[in-house]
Amino acid sequence: MAKKTGAVLIVDDDPEVLLSAKMVLKREFQQVKTERNPQRILNHLKENRYQVVLLDLNFSQGETDGREGIKWIKKIRSITPETAIVAITAYGHIEMAVNAMKAGASDFISKPWENQKLLATARKARDFPRNPPKDSSPPKPDRIPVINRHEEEILLIGSSEPMRKLNALIQKIGPTNANVLILGENGTGKELIAHSLHQQSLRKDQSLVTVDLGALPVTLFESELFGYQKGAFTDAKEDREGKFSVAHKGTLFLDEIGNLPLAQQAKLLTALQSRKIRPLGSNKEKPVDIRLICATNADIHQRVQQKTFRQDLLYRINTVEIYVPPLRDRTEDILLLADHFLDFFTQKYNKGKMELSARAQTQLTQHTWPGNVRELMHSLERVVILSESTTIESEYLALGSPAESTPDKLETLNLEKLTEMAVRQALKKHQGNITRAAEELGLTRAALYRRMEKFNL
């Protein structure tokens, strides 16, 4: 294994981007520092010598032209001209890339990125450092450097067996055009998976458009997804494209599809079957070419049985089904994530280095984490804010004892009671998914239904 060398500073206002980039670049660099506030860049450069700075081009809400990042590129170049700057942005336009490189960036990468591409870009920037004469001006390249595509890795953190299987599945189906349904609890990273699937697809250079169906009022469903023409209703003062049209040739991600009412399910099914939409107020159908990715935290199969979700729509959206494991089923990953969050939040709140005591580590790994990774992140942020010690003890976590965090504590050896307890826990663990609960219990679906009826579950 190659020796880690050099230091890299990653500057981006998105904590998930910082987390992802850090986990990738830790393989290559001896020191990886992250920063959300660009105003602290100069302080970092004074405190340490960085061979590479990965710099977002847009920090202010709504900004997409890269001017803010280009300003910081020029400042970094004026202070440490030998530092290589790699511009990163979600808005990967060629013109913006050229402007960044004219300002002094040595390379450019769009997010979401391929991990190997990020590694190759950062490695190249480190190994071929800039050291221009003092009177030289920033280079003015006439093209954007192209990096060959390597074997892809998934930007999902974890070394546990469930995560390895999940990553392998995503790598397998990512390059296809198959519709994907992502199932899992809140806070497990379903949206990250959608981004990973899009990034690995042949559509990765096109748009990934996200719609949160859980937050979309029923009255706005058609206008939001299919668009409308001027005059279609009172406030329709101009034509507007719907999400289907915006995602044309790209990927459409429908989050929380399990919350969609039956009437809207029928309209969505019609659009998916015909691959055509009709904007409100229009008499003409419009063809659309999308890859569909959906996600839900509901037991969609149970809703089909309850007649609250259309079975024909389920067949249409789940050519491939992905189940994201909850954090309690991949406890090996908890301390890895906790280490990153501690590092991130101590920087954010200007605290010194903090570490977890042995008891605190045990409590973290034994907690059931109903909010999953999102809950873990917020718990560590609260601890960093409130703690006045460099060592975090278990009482600061305020998670309760392991016994309190484990449901249905074993209090009997009665076989009938133990069976009922096992069925309850399996159903709760898999959010009522009969198929997965039956597999965990070693039963057929019919046998599980009989036990559910027996125990009145």
Side-chain angles (χ1 to χ4, degrees), residues 166 169-170 173 176-191 193-194 197 210-218 221-222 224-226 243-244 251-275 277 290-326 329 370 372 423-457:
L166 175 63
L169 178 59
I170 295 172
I173 65 177
T176 73
N177 212 29
N179 291 342
V180 180
L181 176 61
I182 308 171
L183 304 175
E185 298 176 9
N186 283 328
T188 51
K190 297 187 291 295
E191 188 170 354
I193 291 176
L197 290 168
T210 299
V211 183
D212 184 354
L213 296 178
L216 184 65
V218 172
F221 175 82
E222 287 187 79
E224 189 69 17
L225 265 68
F226 307 143
K243 300 299 186 184
F244 268 85
T251 302
L252 181 63
F253 175 46
L254 300 181
D255 201 6
E256 298 305 341
I257 195 170
N259 295 332
L260 198 61
L262 282 168
Q264 282 65 45
Q265 291 177 31
K267 294 173 183 177
L268 176 60
L269 178 62
T270 298
L272 295 176
Q273 287 176 332
S274 66
R275 294 285 170 171
I277 59 168
I290 61 160
R291 182 191 191 176
L292 183 68
I293 301 176
C294 299
T296 182
N297 62 1
D299 185 343
I300 202 83
H301 297 281
Q302 186 178 54
R303 294 200 175 185
V304 168
Q305 293 174 354
Q306 295 169 346
K307 308 297 184 183
T308 58
F309 197 89
R310 296 179 61 120
Q311 189 170 51
D312 48 1
L313 178 58
L314 179 61
Y315 289 150
R316 179 68 60 175
I317 65 177
N318 77 334
T319 305
V320 180
E321 195 171 284
I322 294 178
Y323 174 68
V324 190
D329 285 353
N372 295 293
V423 171
R424 285 183 181 275
Q425 289 191 8
L427 290 170
K428 185 173 183 178
K429 175 180 177 180
H430 296 290
Q431 296 184 297
N433 187 308
I434 302 299
T435 300
R436 294 197 178 91
E439 289 175 354
E440 175 118 344
L441 292 166
L443 301 172
T444 63
R445 286 171 58 94
L448 178 54
Y449 276 124
R450 286 196 297 272
R451 283 163 176 78
M452 290 171 63
E453 184 177 1
K454 177 180 180 180
F455 299 128
N456 196 27
L457 300 178

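Reckoned from all heavy atoms, side chains included, excluding hydrogens, waters and symmetry mates.
- Looking at Leu197 and Thr251, their side chains never come closer than 4.5 Å, going by heavy atoms from C-beta outward.
- In this structure, the separation between CD on Gln311 and NE2 on His301 is 10.0 Å, given to the nearest 0.5 Å.
- Between Leu268 and Ile257 the shortest side-chain heavy-atom distance falls below 4.5 Å.
- The side-chain heavy atoms of Asn186 and Glu256, taken from C-beta on, include a pair separated by under 4.5 Å.
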Quiz prompt | side chain to side chain donor-acceptor pair (under 3.5 Å) evaluation trace for Glu185 with Asn297 | solution = CA-CA 5 Å; Glu185 298 176 9; Asn297 62 1; over 6 Å; no
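- Within the 4.5 Å cutoff, the side chain of Leu169 has heavy atoms near those of the Ile322 side chain.
- When the ring-ring contact (aromatic ring centres under 6.0 Å, His included) test is applied to Phe244, the partners found at least two apart in sequence or on another chain are Phe226.
- Not counting sequence neighbours, the partners of Leu262 by the side chain to side chain contact (heavy atoms under 4.5 Å, CB included) test are Gln265, Arg310.
- Proximity of Leu166 to Ile170: side-chain heavy atoms (C-beta onward) are separated by under 4.5 Å at one or more points.
- One finds the CG atom of Leu254 at 6.0 Å from the CG atom of Leu225 (value rounded to the nearest 0.5 Å).
- Rounding to the nearest 0.5 Å places CG of Asn259 at 8.0 Å from CG of Leu213.
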Practice problem: Test side-chain contact (heavy atoms from CB on, under 4.5 Å) on Val180 and Ile193 and set out the steps. | Solution: CA-CA 10 Å; Val180 180; Ile193 291 176; over 6 Å; no
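- The structure places SG of Cys294 at 7.5 Å from CG of Leu272, a figure rounded to the nearest 0.5 Å.
- Within the 3.5 Å criterion, the main-chain N or O of Gly214 finds a donor-acceptor partner in the side chain of Asp212.
- A donor-acceptor distance shorter than 3.5 angstrom exists from the side chain of Ser274 to the backbone of Thr270, with no hydrogens or angles considered.
- Shown here for Ile293 and Ala194, the closest heavy-atom pair between the two residues is CD1-O, 3.9 Å.
- In this structure, the side chain of Arg303 engages the main chain of Gly258 through a donor-acceptor pair within 3.5 Å.
- The side chain to side chain contact (heavy atoms under 4.5 Å, CB included) check on Asn179 picks up Arg275, Leu292, Thr319, with sequence neighbours excluded.
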Self-check item: side-chain contact (heavy atoms from CB on, under 4.5 Å) between Gln302 and Val304, worked out
Solution: CA-CA 5 Å; Gln302 186 178 54; Val304 168; over 6 Å; no
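- Every side chain to side chain contact (heavy atoms under 4.5 Å, CB included) that Ala295 has, sequence neighbours left out, goes to Ile182, Lys190, Phe253, Asp255.
- When all heavy atoms are compared, the tightest approach of Val320 to Ala178 is CG2-CB, 4.2 Å.
- Rounded to the nearest 0.5 Å, atoms CG (Leu181) and OH (Tyr323) are 13.0 Å apart.
- In this view, Gln264 and Val218, Phe221, Leu260, Pro261, Lys267 satisfy the side chain to side chain contact (heavy atoms under 4.5 Å, CB included) rule, not counting sequence neighbours.
- Shown here are the salt bridge (charged side-chain N to carboxylate O under 4.0 Å, His left out) partners of Glu321, two or more places apart in sequence or in another chain: Arg436.
- The shortest distance between side-chain heavy atoms of Leu313 and Leu269 falls below 4.5 Å.
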